[in-house]
Every structure is written in structure tokens, then in C-alpha cells.
Amino acid sequence: PRSTLFPYTTLFRSGVVNGSLVALCGLSPIVVTLAMGQALLGVALLLSPNGPILVDDPGYGDLAASMIGPVPTLVVAALVCLVLGHLLLRRFSLGRYIYSVGGNERAAWLAGVPTRPVKLTAYALGGMFAGVAGILLSSRTGSGEATLGSTIMLSAYAAAFIGGVGFGTGRGTVVGVALGAVVLGVISNGIDLLGLNGDWQYIVSGGLIVFAIGFQRAAAQLGWGRG
């Protein structure tokens, strides 16, 4: 239905806008991403002045709780996104271009890589995957809440850094990011099992980000991982 596609198309278009601001206007990727997140949060709050919007369609609410054979639909969706992302980066020229631009944009441009279209496409694809995640998240909670995903951003950064992604390095894999997300999930479950306050998860995530960045910097200085 149209209501289901709305968050998907909205985030896809937001990714295009982000990519345009970064690729065409030369703005900072981090600043643009954070600014767009704040703007979309404001739009979501304006669209839900009376609090969370409850889902009337039982089929939408059952989407995240359904099973495909013995496997939950959420797991299948995550695996499909994982495979698509991996294939895109490893088997297609666009993926190689993304790595090249991420590692050294000027060198990639001198080598003939269309850097602006590549960045624009990368942001649009990021928005597309975010739209899929947003649909599944709202289906899981059975409502559309403006602040529902506001705390996930730090976890996303942490999963990326733990998985070996570094800004301006042109390194990192989809599989590594997935493993980083698994590590965070294990830590979150461990905190729950220990009976600790759930807020410790944010403290641990922040610490892991600092550790991952420090480890990457040390590895770069020591020349680890270089052929």
C-alpha cells in the first residue's frame, strides 16, 4: 500500500538530496547526514502531533513477526540486504568506484571515475536500505513513532567502525559491518542478562567507537593490512 511505500520513497529521496549536497555542493558528508536526520525528525514530529501513529492494517504489523519457513522475516530481509550490498560492492563496477572514491576521491577522478554520480548513487542506495529498515522497524513495534530510530544512529556508527569501516580509507566490507552489528547485539543481550541498566549499552557503544577508530589509526601507522 501507499502508506507502506511512503517511508521507503521518502528516505530514498532524502538520500538523493544528501548525495546532491555532498557531490554537487561539496558539503561535509557527516554534517549533511546529521542535518538531514534532524530535518526528517522534525518532519516526523510535525506529522504525529498526537504521539505515535498506530498501525490499523494487521498485515503490516504481522510483517516483522512473520516467518519464511523456519526463519523470521526480519532475518531473511537482513540477509537479502547483506547479499545485495556485498554483491554490489564486490561484483559490480559501481562498487569498485565507491571504494576508489572513498579512499582517494581526487585520485579516482584523475583515473576517470565519475566521482559525483558515484557519490550521488551511493547516498541514494543508502537511503533505499534505510527505508527498508524503517518499514521493518515500524512493523515490529506496530506504530510510527517520530523518535523511534533516533537512538539507532550511534549503534550504526559503532557497527560500521567495529566492522572495519574508516572514513576516508576506502576500506570496509558489508560482512564486516554485519559482524559489528552482531557484536553490538551480543553486548546488548549480555547487559540485559547481567541485569544492568540498559543505558550502559550507549556507553559501551561509544567506547567501542573510540577503540575502533584508535585501532584503525594505529594499524595505518604501523602499516598493517597493506599488501
Side-chain angles (χ1 to χ4, degrees), residues 8-9 11-37 40 77-133 152-184 208-227:
Y8 179 84
T9 56
L11 287 175
F12 177 79
R13 293 168 183 170
S14 299
V16 173
V17 173
N18 279 356
S20 300
L21 293 174
V22 173
L24 303 180
C25 300
L27 301 182
S28 169
I30 293 294
V31 174
V32 169
T33 302
L34 294 176
M36 178 60 73
L40 291 177
L79 290 176
V80 169
C81 291
L82 174 67
V83 172
L84 288 177
H86 177 76
L87 292 177
L88 176 66
L89 291 176
R90 294 296 182 180
R91 301 299 180 183
F92 292 88
S93 58
L94 175 61
R96 293 190 291 271
Y97 288 165
I98 290 175
Y99 276 115
S100 298
V101 173
N104 191 322
E105 182 177 353
R106 178 167 178 79
W109 179 76
L110 291 174
V113 176
T115 56
R116 289 183 175 180
V118 167
K119 289 196 288 186
L120 183 60
T121 304
Y123 277 93
L125 290 173
M128 181 187 70
F129 284 116
V132 173
I152 298 180
M153 183 174 61
L154 176 62
S155 298
Y157 278 120
F161 283 122
I162 294 171
V165 176
F167 288 126
T169 63
R171 296 182 178 179
T173 63
V174 176
V175 175
V177 174
L179 292 176
V182 171
V183 169
L184 290 178
L208 286 175
I209 290 177
V210 174
F211 173 79
I213 294 175
F215 181 82
Q216 291 178 10
R217 182 177 180 83
Q221 292 179 343
L222 295 174
W224 297 345
R226 295 179 181 176

Task: Gly180 versus Ile162, closest heavy-atom pair with distance - done: CA-CG2, 4.0 Å
Open item on the list: Can you list everything that forms a side-chain contact (heavy atoms from CB on, under 4.5 Å) with Ala77? Sequence neighbours excluded, please.
Closed with: Leu136
- [ ] Please identify each residue that fulfils ring pair (Phe, Tyr, Trp, His ring centres under 6.0 Å) with Tyr123, with sequence neighbours left out.
- [x] none
Open item on the list: Tell me the closest heavy-atom pair linking Ile98 and Ala122, and the distance in Å.
Closed with: CD1-CB, 4.1 Å
TODO: Write down the atom of Leu120, the atom of Ala23, and the distance for their closest heavy-atom approach.
DONE: N-CB, 4.4 Å
Open item on the list: Less than 4.5 Å apart, side chain to side chain, heavy atoms only: is that true for Val183 and Leu179?
Closed with: no
TODO: Using the salt bridge (charged side-chain N to carboxylate O under 4.0 Å, His left out) rule, collect all pairs that involve residues 96-107, keeping only residues at least two apart or in two chains.
DONE: Glu105-Lys119
Task: For the student: nearest non-hydrogen atoms of Thr173 and Tyr99, plus distance - done: CA-OH, 3.9 Å
TODO: Please report the shortest heavy-atom distance between Leu184 and Ala158, naming the atom on each side.
DONE: CD1-CB, 3.8 Å
- [ ] Could you tell me which non-hydrogen atom of Ala181 sits nearest to which non-hydrogen atom of Ala159, and how far apart they are?
- [x] N-CB, 3.7 Å
TODO: With Leu88 as reference, evaluate Leu94, Val83, Val174 under the side-chain contact (heavy atoms from CB on, under 4.5 Å) test and give the passing residue.
DONE: Leu94
- [ ] Look up atom OG1 in Thr115 and atom CG in Asn104, then write down how far apart they are to the nearest 0.5 Å.
- [x] 11.0 Å
